[in-house]
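Working notes, beginning with the structure itself.
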Amino acid sequence: MLTDSERFAFITRRHHAFASTGNAYDAVQCDVAISTGDTLVVLAEEVVGVAMTWPFAVTQAHGNLHALSVPREGETLADLARSLHVSAADFEHAAEIAGRFGFPLDPQIEALLASLAG
C-alpha cells in the first residue's frame, strides 16, 4: 500500500483539447473546469497554450490565443510566469507537450527555457 507521500509525490496536469484556438479561448473564459495553468492543445492549428484570463500560446503558431510580448531585458521565465499568475512549470509542461507533437516553440519561450538549462 502506498503512503501519503508516495501517493502525492507528483503534480497532476490537466489538458484540454479543442478543435480551434477560438474554441479554446472561449472555453477558458466560461468553463469552470479549466483552471489557470492548465494546458490547452489545438492539434489542427499546431498550438499548445496555457490557460489564464488571457490564454497564451507557447508555440510559434498562436491562432486566437495571445502571443507573448518580448521579455524585458534580464527577465527570466520565473519572472514572466509570476507576472502572468502561472508557474514556470506550467510553461515548461506546455513546451514539453508541444515538443512531443513536434510543434515549433515561440522563439522567446525557447530562449527563456534554454536559460534555465544552462
Kindly say whether [Y] contributes a backbone atom to a donor-acceptor pair with the side chain of [X] at under 3.5 angstrom?
X   : Y   : answer
E96 : H93 : no
R13 : A94 : no
D90 : S87 : yes
E45 : T21 : yes
E46 : A61 : no
T39 : H15 : no

>> Using side-chain heavy atoms (C-beta onward) and a distance below 4.5 Å, is L113 in contact with L105?
In response: yes
Subject >> Steps toward side-chain contact (heavy atoms from CB on, under 4.5 Å) verdict (L80, Q108) >> reply: CA-CA 11 Å; L80 179 60; Q108 299 170 140; over 6 Å; no
For the atom pair [atom1] ([X]) and [atom2] ([Y]), what is the distance rounded to the nearest 0.5 Å?
X    : Y    : atom1 : atom2 : answer
Y25  : F18  : OH    : CZ    : 13.0 Å
T36  : D38  : OG1   : CG    : 8.0 Å
L65  : S20  : CG    : OG    : 9.5 Å
E110 : L112 : CD    : CG    : 10.5 Å
L68  : I109 : CG    : CD1   : 4.5 Å
I34  : H16  : CD1   : NE2   : 5.0 Å

Work out which heavy atom in [X] is nearest to a heavy atom in [Y]; give both atom names and the distance.
X   : Y   : answer
A33 : R14 : O-NH1, 3.0 Å
D79 : G74 : OD2-O, 4.0 Å
S35 : A51 : O-CB, 3.5 Å
P55 : L40 : CB-CD1, 3.8 Å
A98 : T59 : CB-CG2, 3.7 Å

Quick one: are the ring centres of F56 and F91 less than 6.0 Å apart? yes
